[in-house]
Amino acid sequence: MFETLILMLDATMRVSTPLIFAALAGLYSERAGIVDIGLEGKILGSAFAAAAAASVFDSAWIGLCFGITASVALAMIHGFACITHRGDHIVSGVAINTIVAGLTVTLSMYWFGMGGQTPTLSGDARFLSITLPFADALADVPVLGLIYSELLSGHNILVYLAFAMVPMTYWVIYKTRFGLRLRAVGENPHAVDTAGISVAFIRYRALIICGILCGIAGAYLSTAHNAGFLKDMSAGKGYMALAALIFGKWRPVPVLLACLLFGFLDAVAVRMQGVVIPGIGEVPVQAIEVLPYVLTVLLLAGFIGKAIGPKAVGRPYVKERA
Amino acid sequence: MSQAKVPAWVNIALIPFLNIMLAFLVSGLVILAIGENPIEAASYLIYGAFGYDEGVGYTLYYATNLIFTGLAVSVAFKGGLFNIGGEGQAYIGGLGVGLVCLALDKTMPFYVIAPLAIIGAGVFGAAWAYVPAYLQARRGSHIVITTIMFNFIASSLMVYLIVNWLKEDGRMAPNSRTFEENAWLPYLHEFLSPLGIDIGDSPLNFAFVIALICCVLVWALLWHTRWGYQLRTLGTNPTAAKYAGIDTSKVTIWAMLISGGLAGFVGLNEIMGVNHSLLLNFTAGYGFAGIAVSLMGRNHPVGIIMAAILFGALYQGGAELAFEIPTITPEIVVVIQGLVILFSGALEHMFKDRIEGFFIRRSVA
Amino acid sequence: ADPAVVYDQAGKFDKSFNEGVYNGVKKYTTDSGVQVREFEPKNEAQVEQGLRRLAKRGYSPIVTVGFNMTSAVEKVAKDFPKINFTLIDGVIDLPNVQSVVFKEHEGSFLVGALAAMASKTDTVGFIGGMDIPLIRKFGCGYEQGVKYASSSATVLQNMTGSTGAAFNDPTKGSELAKSQFSKGADVVFAAAGGTGMGVYQAAKDEGKLAIGVDSNQNHIQPGTMLTSMVKRVDQAAYNTYKDAAAGTWKSGLVVLGLAQGGVDWALDDNNAGLITADMKAKIKDIRAKIISGDIKVHDYMSDNTCNY
Amino acid sequence: MTNKTTPYAIELRDISKRFGAVQANKDICLQVPAGTIHGIIGENGAGKSTLMSIIYGFYEADTGFIEVDGKRVDIRSSQDAINAGIGMVHQHFMLVENFTVLENVILGAEGGAILKGGIDTARVELQRLAQEYSLDIDVDAIVEELPVGLQQRVEILKALYRGARILILDEPTGVLTPQEADHLFRILKALKEQGVTVLLITHKLREIMASTDNISVMRQGQMVAHRETAHTDKEELAELMVGKKVRLTVDKDDAKPSGTFLSARNLSQFDSQGVKRLKNVSLELRAGEILGIAGVSGNGQSELLNVLAGIEPMSEGEIHIAGQVITAKAPKDAAEMRELKMAHVPEDRHKMGLVTGFEAYEAAVLGYHNSPVYNGKILMHRKVMIDECNERMAAWDVRPPNPHLKTANFSGGNQQKIVIAREVEQNPDILLIGQPTRGVDIGAIENIHEQIVKLRDSGKAILLVSVELDEIMALSDRILVMFDGAVVGELDAKDADERTLGLMMANAYNDEEVSA
Ligand SMILES: Nc1ncnc2c1ncn2[C@@H]1O[C@H](COP(=O)(O)OP(=O)(O)OP(=O)(O)O)[C@@H](O)[C@H]1O
Ligand SMILES: Nc1ncnc2c1ncn2[C@@H]1O[C@H](COP(=O)(O)OP(=O)(O)OP(=O)(O)O)[C@@H](O)[C@H]1O
Ligand SMILES: [Mg+2]
Ligand SMILES: [Mg+2]
C-alpha cells in the first residue's frame, strides 16, 4: 500500500512538472495584468521546437533553447497584440493557440515527413533521469529509503528545476524590486506609471519570463517525459495550468499544490482504466479526469472560497482617454 | 476628431478585407517557407472548394457547422459575452440529437423525429451554456474560464456516455448504432438533382437550410425584437442598460442559452445529417473556428454566412490541397484561422487606428 | 487502374499499424515500379470524401486501413461497384470488397510464451491501447501464451483508454509501463499503436524488456525490445496490389494466421542477443503446435470472453 | 525676467494640451515662488488636473516648457518629474490597494534589485518623515484597509520619500472630513516651513483662503487671473472662477406649484466600499416647480439622481411616488420607475443616456423600448420608431435630422437634444435632469432651457442637477445646495445670487455668516 502510494506520488511528480512550469508562467503573466490562455499554444510550440531541434542537433539542451525561443516569440506576439496594440487578451490567446496547433503539424510534416511527428529521440537528445547519490545504496532502508530512492531520486533535471522554480518564483515575486513592480502593475498600472516606471516594459518582461517557463514545460513534454513530438501533445495542459493558477489563487505555493493535486488525479486516472474497485465497481476514469475542471468551476463560483485575481488583469492600459 | 468622417465601408469592408488579406499573406509565407508554391496551393484550394460540384457541396457542408458556431459566438458577443464554449455546447447538442434519434428511430416517422431532434440539439446545447451563464450573471465567475472548463467536462462526459452506455455492442469504435434511415436528415443532393443542380454526392444536408433559417431568425432577433434591443444595449453599454431598466443578468443568461442552442445545432448537421450515429469528437474544432467566423463576419448574420463559406472553402480546399500536395497538411487551414483571429481580433487596432486616422486626416484636409 | 491506399487518422508514420501498410506499399512500388496513390485523412468526414475522390478518379484497388473505416468503405463500395477495395481489420460483405483479418491471438500467444521465458520475476505486463474487443484479443492470446510457458506467471494488464486517443498517447503508455515495472513486471507487451512508443521508452529507461506490435519494432529501442508481434498488414497490402495486377484479386474474407504467415514473432539483429537458443527452440515447437492445431488458442472475439 | 532675484520653484511657459477636440490647456503661464503654497482654482473641466499631470510628466504638453528652480527641465515621464523633485498627490489616488504602506512608498524607488535593503531604509526614513511632519502611519498596514485620509497620507509620504521639493495636490480635500482636511493643512504648513513648494488645487474657497499664499484661476483651459491671497476675497474668486459668461436670462413666470409628485425622506446610500455617498437627503418635487440642486460635482448629486431614478438601490430612507412607497427592501428598477411617469435625463449622456453605437432612432427609445407603441407581438415596430424619431428631430431641431445616423456621430448638443426629447416627449409627471447643458453650445442651451420651463408650466415636477450656477439660478424655482452627500442649504430662487450659492457650495457660507 505504502509502496503503491510512493509510486503514485512518483508519477505525480513527473506528470505535474509541465503543469508547474506552465502555471508559474501564467502566474508571472497574470500577476502583471496579462491574461494568458495562450499557455497551451506556447507549450505546444515549444514541445515541437524542442523536439525538432533536439533531433537535428542531437542535444536536449539545444532543444530546450529552441523550445524556449519559440515560446518566447509567441509570448512576444501576445505582448505586441495586448500591450502595444491594446488588443483583447483572450482573443489573442485563442489566436495563438489556434495558430500553433496548425503550424506545428504543418512544419513537422514538412521537415520530418512523419505525419506531424518528430523522429524518436534517444541518448543525448533527451533529458535522462538522474540518480541521486546513494539512491541505490539506500533503497533498502525502510520507508525513507523508498521515499529517497523512488520518489526523490531518478527524475530528470527539469523535474527538479520545476520544483526549484517555486521558491524561486516566490522570492522573485515577493522579495525583489521586479516582483514588487510586477505585482503592482497587475493591480494598478496607473500607480506604476505615476511612480515613474514603464508599464509596458514590465509587462513585456513578465511575458518573456512566461515564455521561458512555458518553453521549459514544452521541452519537458517532448524531450524529457516523452521522446519526441506528437501532434497536439500538450493535450490541454495549458488550460489545466490555468485552472491550477486560479485554484492556487495566483500564489506560488498554493499553485504548486494545485498542480500536484491535478497531477495526482492524472496519475490515478492513468491507473484506473478498467479497474474494478470492490464494492464500488468500475470507477469511470473520466470522472477523475474531469475533477480539476469541476473544482475550478466550483471555486470560481465561490462555492469553495473566492478566487480573486489581480485587479487589472485583462484590461489594456490606456493612459489617455483620447 | 471622430469616427464621423470615416466612411462606413471602411469599417465593414476595407478593414476586414485587409485583415483577411494579411492572414492569407502570412499563410502564403508559411507555404513558401515549406518549399511549396503558394499560388499553386491557392489554385488547388480554390479548385477543391468551388471547382466541381461535389467540392461545392462539401464547402457548404463545412460552412453549415461554421454558421452555427459563428452565430453562437456572435449572439453572445452582442451581449458583451465571450463564449469560448461553443465546442462543448456543440458536443452536448449532438448528444441531444443522438438521444432523440436513438430513442425514436425505430418507432417514429421522420416528421416526428426531426422537430424533436432540433429541440434536443438546442436544449442540450443551451443547457450546457446555462451553468457558465448563470455563474457569470449571478456569481460573477468569468465566463471565458468557465466555458473553457465546460469544454473539457463535455468531452469527458461524452466519452463516458458513449463508451459505457451508448456504444453499440460488438462494435470496435466508440460509436452508437447507426440510426434507421427515417432519422436521417435528407441530403440536399436528393432535392437538388431533380432540379438539375448537381452537388455531387456531398454530405450537404438539410441542416444547411436550418442554418440559413437560423441566420434569418438571429438577424430578426437581434435587430427587430425588444430582446435583441436589450441585448445589444447590454453589450455596447452596460451602464445604459441599467439606466434603461434592463434586467442584465436575465439578458445575460438568455443570450448564453441562445448561443449554446445555436452551437448545439452542429449536432444536427454532424450526427443526424452525416454520421447517422453518435460518435466521439465530431465537433472537430468547429466551436473555436466559430470565433474566427464571427470576428470576420463582424457579428452580423450576413457577414457570418460569407465568412463561414470562406472557411468552409478553406476546409474543403485544404483537404483537396493536402490530397494533391501531401507536404501541405490540412492543418494549414487551422493556421489561417488562427491568423484571422489574430489580425481581425487581437490586432484590430493596428490597422483600424491607422486607417481611420488616414481617413480623418483626409477629410480634415 | 492505378492502385491507392487510404491510411487511418493515425497516419502512415504511426510506427505501427499504418506504417506496416506503408511498408507494404513501399515494397510494391520498389518491386513493380508502380506508384501507389496515398491519402491520409485528418477527420471523419475526409475518410469518406477521400475514398470517393479516389474511386471517382478510377483508382483500384484501394487498400483501406483499420476497422474505423468500415462504414465509410461500405458506403463508397456500394456506390462504386467497379472499384475494388481491400479492408484491413474489418469485415464487409460486398462483391467488390476483400476483407483481411488476422489471428492476432496466435501471434500474441507466441510472444506471450517468449515473455514468460524471458521474465526473471515471473511477472509480465500487457498494455493495450483502446479498450476494444480487438485489443482484448491481443491480451487474451498473450495471457494464454504466458501461462503456457509458465503456469505460475502473473500477467498485469492495463488498457490506455477508451477512445481513439488511447492509440496515440505515449505519455500515458510510459506511465502505465512504469507502474507495471514497479509491480514487478520485467517484460511488457504493448498492443497500443503510438502509445507503445512510450512503453518502449520506459522499458529502455528502466532497463526492462518490451515487446512491439504490428510492424517489426525491434529497431526502435535495440537491446530492450524482446521481440515484436508482427501482423503482416504489409503483406496484405502488397498481395492486394500484386494480385490485382495479376488479375487474381478476389473479394471475400481472408483470414491470416500463423499458418498463412499473417502473424508471427520477429527475430533480427536487434534482439538476437536477447533470445537464447533454448527459447528459439521452444518457440519453434509452440509455433508448430499452433499451426497443427495441437495448441488451440482461444479467440477473445469469438465469445467476448477470455475463458480458455 | 531679466531682474529676477530668486528663481521660481516652478515656472510654466505657454503650456498647451489638446485631447482630440478638447483644448484642455491653452497657453498657460504660471510662476510659483519657492516655499509658498500656491492655490489653483477653476470650474470642473477647466483643465486644472491636466495641467498638473503635465507638470508631473503623466501627459506630455503639446507646446510650452517648464522651468524648475530657474532651469528648464524636459519632463517627458513621471520619472523625469520625480528626478526634478516634483511629487504629486492625484485626485484619484495612485495606490496599489493590496500593498502595504511601505510597499507603496518604495514602489519605483526601491533602492536596489532586492527589496529587503530598500524596505529597511524606507522604514527608518518614513519614521523620520512621520515625526517631522506629524504624518503618523502604520507602515505595515494594507492600504485598502486604511481610511481615505490615511491613504492620502501615504500619497504624500510617497512624494516626500522621493525627496519632492515641489508637491502638487489635486483636490486633496474632496474626500476628506473637515477634521482630516484641517490636519492636512497643518502638514502643508509644516512642509512649507521646510521650504517645500506646494501647488494646491481645490474647489473650496475657504480652504484656499485659509492656507495659500497666492492663487491662480483657470477657466476653460486658460489661466485667467493671478492673485495674492492677502489681497483678494472669496467673492472675487468666485466671480473669477465662474467668469463673466453671457448671462442667460430665461423668460419665465413665477412658479405655481401645486401637489407633490414625489417626496423622498432621509435617503442614504453607501457605495461598494461602504462609504456613505448620500446622507439623509429629503426633498419634495412639486408639480409646476423646478427644484435645482447646486453643488460642486462629486458631492452626492449623481448618487441622488441614480437613487431617485431606480438605477441604484438606496441603502436607507424611502421615496413616495404615485401613491407607492419605495424603500431599500422594496426597490424598483429604472424601468419600473418610468412606469410611474418619471423620466430621467442622465448627467453623462455617453456613459448612460445613449448607446453611441446605436442609430439615432434606436437610441431615441432607450428605456422605453418595452412600450407597446414600439412593439408588436414579436417584432419591434421599426417604422413607428423611425417615423417618431423623424418627427422629434424636426421638432427639436436635431441636426442632421437623420434617424439612421449613429448616435456617436452627432455633436454633443444634438446628442443631448435626442436624450431630452426622448424623456420629455414621454409626457412624464416628473423629470429628473442632470447637467442638461454640459458641453452644449449657447444656441442649444437656450432651446433646452425653454423646453424645461415649458414643461414646468404644463404642471410637471422637475429636478434639475447642475454644476453651472447660471443655469441653476436661471431655471430653478427653489434651490437645494449639496455638499458632501448632504443637503446643506435651501434657498428660494429669488434669494439666490452667485455669491451666496458659491459660498454655500464650498460649504463656507455658515462660516461667513458666523464671522459676519
Ligand atoms: N485623458 C483625457 N482624454 C480626453 N479628454 C480629457 C482627458 N483628460 C481630461 N480631458 C478633458 O480636458 C478637459 C479638462 O479636464 P481636467 O480634468 O483637466 O479638468 P479639471 O479642471 O481638473 O476638472 P475637475 O474640477 O472636474 O477635476 C475636460 O474637458 C476633460 O473632459
Ligand atoms: N463620442 C463621440 N464619438 C464620435 N464622434 C463624436 C463624439 N462626440 C462628438 N462627436 C463628433 O464630433 C463633432 C464635434 O463634437 P462637439 O460635441 O464638440 O460638437 P459641437 O461643435 O460642440 O456641437 P454642438 O454645437 O451641438 O454642441 C460632432 O460633430 C460629432 O460628429
Ligand atoms: Mg481635476
Ligand atoms: Mg459642443
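Everything numeric in this text was worked out from a predicted model, so none of it was measured. Numbers restart at 1 for each chain; the letters A, B, ... are given by sequence-line order, proteins then strands.
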- line: Between H349(B) and H85(A) the two heavy atoms that sit nearest each other are CD2-O, 3.3 Å
message: If I measure from the heavy atoms of chain A, does I31(B) come under 4.5 Å with its side chain, its backbone, both, or neither?
response: neither
message: Quick check on side chain to side chain contact (heavy atoms under 4.5 Å, CB included): which of L135(B), I145(B), I143(B) does L300(A) satisfy it with?
response: I145(B)
task: Please flag which part of F343(B) lies under 4.5 Å from any non-hydrogen atom of chain A: side chain, backbone, both or neither.
output: neither
message: Please identify, among A95(A), A101(A), S92(A), the residue contributing the most non-hydrogen atom pairs under 4.5 Å to chain B.
response: A95(A)
- prompt: Between CD1 of I77(A) and CG of L342(B), what distance do you get to the nearest 0.5 Å?
  reply: 6.5 Å
Nearest atoms (heavy-atom pairs only) where V290(A) meets F152(B): CG2-O, 4.2 Å
- line: The reported gap from CD in E348(B) to CZ in R86(A) (rounded to nearest 0.5 angstrom) is 10.0 Å
query: With only heavy atoms counted, which part of T106(A) is less than 4.5 Å from chain B, the side chain, the backbone, both or neither?
result: both
task: State the OG1-CG distance between T329(B) and L107(A), to the nearest 0.5 angstrom.
output: 9.0 Å
query: Measuring heavy-atom distances to chain B, does I246(A) have an atom under 4.5 Å in its side chain, in its backbone, in both, or in neither?
result: side chain
query: Roughly how far, to the nearest 0.5 Å, is CD1 of I336(B) from OG1 of T98(A)?
result: 13.0 Å
statement: Smallest heavy-atom separation, M149(B) atom then Y239(A) atom, equals CE-O, 3.9 Å
- request: Sort I148(B) into side chain, backbone, both or neither according to what part of it lies under 4.5 angstrom from a heavy atom of chain A.
  value: side chain
task: Heavy-atom distances under 4.5 Å only: say whether I84(B) touches chain A with side chain, backbone, both or neither.
output: side chain
Beyond-backbone contact of M350(B) with F80(A), side-chain heavy atoms, under 4.5 angstrom: yes
task: Compare all side-chain heavy atoms of F82(B) with those of V91(A) and state whether any distance is below 4.5 angstrom.
output: yes
field: Pick from G41(A), G102(A), G236(A) with the largest number of heavy-atom pairs that fall under 4.5 Å of chain B
entry: G102(A)
task: Quick one: pull up CD1 in I291(B) and CD1 in I90(A) and give me the separation to the nearest 0.5 Å.
output: 10.0 Å
message: With heavy-atom distances below 4.5 Å as the criterion, would you say the side chains of K231(A) and E331(B) are in contact?
response: yes
field: Residue part contacting chain A, namely of N164(B), when any heavy atom lies under 4.5 Å
entry: side chain
query: Is chain A contacted by the side chain of A292(B), its backbone, both, or neither, given a heavy-atom distance below 4.5 Å?
result: neither
For chain A, the option from Q337(B), R139(B), H142(B) that forms the most heavy-atom pairs under 4.5 Å: R139(B)
- prompt: Looking at V131(B), I153(B), T146(B), which one has more heavy-atom pairs under 4.5 Å with chain A than the rest?
  reply: I153(B)
message: If you count every heavy atom of other residues, nucleotides or ligands that lies below 6.0 Å from Y134(B) atom OH, does the total exceed 12?
response: no
- request: Give a yes or no on whether Y204(A) atom OH has more than 12 heavy-atom contacts from other residues, nucleotides or ligands under 6.0 Å away.
  value: yes
CG on L347(B) to OG1 on T84(A), rounded to 0.5 Å: 9.5 Å
